[in-house]
Amino acid sequence: MNVRRVLPCGLAVALALPLAGLSQGTALAAADYQAEDASIGRGTVATDHTGYTGTGFVDYTNVKGSYVEFTVSGAPAGTVSLTLRYANGTATDRPMDISVNGTVVSSAVSFPATADWNTWATRTVTVPLTGGTDRIRATATTGNGGPNLDRIGIGSATDTQAPTRPGQPGCSGIGEDALTLSWGASTDNVGVAAYDLYEHGNKIGEAAGSATSKTLTGLTPNTTYDLTVIARDAAGNTSAASPVVDCTTRPASDGVPPTRPGTLSASGVTANSADLGWGASTDDHAVVAYDVRNDTTVYKTVTSGTTTTLTGLACNSPYSLNVVARDAAGNVSQPSNTVTFTTKACATDGGVPSSIATLSTGWTIPWGTYWMPDGQSALVTERDDFRVWKLSKNGTKTQVGTVPNAVTTNGEGGLLGVAVDPKWDTNHYVYFMHTAAEGNRVVRMTYDGTRLGDYKVLLQGIKKNRYHNGGRLAFGPDGYLYVATGEAQTPDLAQDRNSLNGKILRMTTDGKPAPGNPFGTYVYSLGHRNPQGLAFDRNGRLWEAEFGNSSKDELNLVKPGANYGWPTCEGNCNVSGMTNPKATWNVSEASPSGIAIVRNVVYMASLRGERLWRIPIEGDTEKVGTPTAYYVGSYGRLRTVTKVPGADQLWLSTTNCDNNGGAADGSDKIFKVTIG
């Protein structure tokens, strides 16, 4: 084998040249290797297209298994970037397996089409090298062969070591609207670049890597904040979340509440909205907001003016609302008068929730629900104690086992989604996603109708953290398993195609990437923050709901290979290559978890919003109609909504026992909702 490593005289000049834009014969950097000089299997050296470097390129000759193998000596030890310069003048992706020393390290790497065979592009993956002599092989995985390959480039070693977990945080200098958070320093093999500060999973600030404290301002008086710290290095590696500290701001020294708002009135009442107006309050400092509410639940907060249009109301439903004023110290006025009205009649298309009844009680954080193929019972998981139950249509509840190796994260990790194999009658397979010692896993067990057994790991390497673990499982009409994964409080992972985090994954029932996946890997779509709702409509299309950070929650129509924006976008944006959601909500109105579809209507359970959203799909288009809300504040945090097979009904579960709900263990419920 004759391998040439090009060593230019003007190294600095060569390094400055753009990798994809060199002309024929241009000198290359020391880390570049020409394909025509490598070992070639069932391919051929060609020169019949322009724009290549060196003396030619390799044509993979439309043969599955054709390859180019490079021998690399003197490269840095560790994980390095490997850049392949290629051309693909067809309209079809030409994936290849990348192996090092005989072991595949990146399977079915996508090499999508370029404008034509004379247009060259680059594809970069990370690979582990020994630092001695390594054999890097790129092998075609389909009958179309690989793309035309010009050369590879070896980058510098990549830092893959995460910082250590920050030490126990503490609070000092606690005031009415500010406090200083401090923590034990992390260590890192290169250096800590920054610390990210989280409150119940939402990032509220950051500090420099040299800091071990940060003053948080703009807080609400007499409020408890649940705080954790995550260390981050310059390569984007993030630590596990620190231990938790709960810090309570001091009561407000301004004890004078605003005056009672003036007369509240309602007008312009429709099936889903009403116009409200009231008289202004006064305050010894300033009124900062008005809350439109009933006795327990805030429907809308108004920060400017004394009028608003209240949307998202349930049709043909009575409402009794008042308004209170708030000042910056958190003092709340006496409520205004109560205005009562009934929204107009419902449109019949798609149906609306017509009744709700308690089906089962005594639950503690029921997280996942999935129906057995016979439609007579469902399996239900409990997140924090890892138990799995059989729940029958009549409400009979029977424990069938626990899932081994599951652990909690003192946040959103634990035993999460469940799915039952469509072929359960013959294979008795059920699937779970759970948090384990090393990360999140997708596992398979057997279920004979009475007990669980035969635990088998299908996929691991999905990073975990205290929050943002995703967890929903669903079988598609194609028979493949779809998996929602969070970005583990490491936003950049959502945009990394080589990461399993911040994605919708699509896999076979034996744990392999499903055929036809857009990048030849497990990844079906990317750019997700913390997706937890998955449902297929009557046309087999996948809808998905996910948590935003501080701005917008989303409902997305998921397409293979699409990028849904996080962390570049939260909600709608105009960034090229990003796909906008079909509907968005303020995070206080939603924090969506499970979704289900009944009669072409998406139903979305909301945690922080404590309501069930109804979002009609407009026929078979990609548009949705006006979202409307049901049961606002009536049942607390709503986690999972599931269609009942063969009926226009939903099962709706609460998770008021979790760390955000604060209710006693055993107080969660599962309701049956009838769609009329």
Chemist: Could you go step by step and tell me if D384 and T408 meet the side chain to side chain donor-acceptor pair (under 3.5 Å) rule?
Modeler: CA-CA 6 Å; D384 286 5; T408 69; over 6 Å; no

Chemist: Using 30° and 60° as the class boundaries, would you call the ring planes of H468 and Y198 parallel, tilted or perpendicular?
Modeler: perpendicular

Chemist: Give a yes or no on whether a salt bridge exists between E206 and R232, defined as a side-chain N under 4.0 angstrom from a carboxylate O.
Modeler: yes

Chemist: Quick check: does any side chain N or O of K503 sit under 3.5 Å from a backbone N or O of L493, one acting as donor and the other as acceptor?
Modeler: yes

Chemist: Strictly by modelled atom types, are T180 and T215 linked by a side-chain donor-acceptor pair under 3.5 Å?
Modeler: yes

Chemist: Pairing donors with acceptors under 3.5 angstrom, does anything connect the side chains of T83 and T124?
Modeler: yes

Chemist: Give a yes-or-no answer on whether the side chains of T364 and D665 include a donor-acceptor pair shorter than 3.5 Å.
Modeler: no

Chemist: Mind checking whether W613 and W585 have parallel, tilted or perpendicular rings, split at 30° and 60°?
Modeler: tilted

Chemist: Cation over ring, R387 on W363, under 6.0 Å and within 45°?
Modeler: no

Chemist: Using only heavy-atom distances, determine whether the side chains of H434 and N405 contain a donor-acceptor pair under 3.5 Å.
Modeler: no

Chemist: Which distance, rounded to the nearest 0.5 Å, do you find between the SG of C247 and the CG of L216?
Modeler: 9.0 Å

Chemist: For a side-chain contact (heavy atoms from CB on, under 4.5 Å) with T381, tell me which candidate from I365, V418, T402, V403 qualifies.
Modeler: V418

Chemist: Side chains of S182 and S213: donor-acceptor distance under 3.5 Å anywhere?
Modeler: no

Chemist: Under 3.5 Å, side-chain donor or acceptor atoms of residues 169-178 against the rest of the protein: list the pairs with distances, not counting sequence neighbours.
Modeler:
residue: E176; atom: OE2; partner: S253; partner atom: N; Å: 2.9
residue: E176; atom: OE2; partner: S253; partner atom: OG; Å: 2.5

Chemist: Any side-chain donor-acceptor pair under 3.5 Å between T301 and D291?
Modeler: yes

Chemist: Does Q168 reach the main-chain N or O of V244 with its side chain, forming a donor-acceptor pair under 3.5 Å?
Modeler: yes

Chemist: Testing the basics here: between K214 and W183, what is the closest heavy-atom pair and its distance to 0.1 Å?
Modeler: N-CZ3, 3.8 Å

Chemist: Under the disulfide (SG to SG under 2.5 Å) definition, can you give me all pairs with a residue in residues 173-232, not counting sequence neighbours?
Modeler: none

Chemist: Between E412 and N469, is there a donor-acceptor pair closer than 3.5 Å when you use the side chain of the first and the backbone of the second?
Modeler: no

Chemist: What I want to check is whether the side chains of E544 and N556 have a donor and an acceptor closer together than 3.5 Å.
Modeler: yes

Chemist: Going by atom types only, do D188 and Q161 share a side-chain donor-acceptor pair under 3.5 Å?
Modeler: no

Chemist: Measure from the side-chain N and O atoms of Q532 to the backbone N and O of R472, and report whether any donor-acceptor pair falls under 3.5 Å.
Modeler: no

Chemist: Where the side chain of N580 meets the backbone of C573, is there a donor-acceptor pair that is under 3.5 Å apart?
Modeler: yes

Chemist: With no hydrogens and no angle check, is any side-chain donor or acceptor of D658 less than 3.5 Å from a backbone partner on G661?
Modeler: yes

Chemist: Any donor-acceptor pair under 3.5 Å linking the side chain of N549 with the backbone of N202?
Modeler: no

Chemist: With a 3.5 Å cut-off and no angle check, do the side chains of Y431 and R444 form a donor-acceptor pair?
Modeler: no

Chemist: Backbone N or O of A494 within a donor-acceptor pair of the E487 side chain at under 3.5 Å?
Modeler: no

Chemist: Counting only heavy atoms not in D246, do more than 12 sit closer than 6.0 Å to its CG atom?
Modeler: yes

Chemist: Quick check: does any side chain N or O of N501 sit under 3.5 Å from a backbone N or O of T485, one acting as donor and the other as acceptor?
Modeler: no

Chemist: Could you give me the CA-CA distance, side-chain angles and deciding distance for N660 and H200, then say whether side chain to side chain donor-acceptor pair (under 3.5 Å) is met?
Modeler: CA-CA 8 Å; N660 286 309; H200 267 134; 3.0 Å; yes

Chemist: Quick one: does any side-chain atom of N517 pair with a main-chain N or O of F519 as donor and acceptor, under 3.5 Å?
Modeler: no

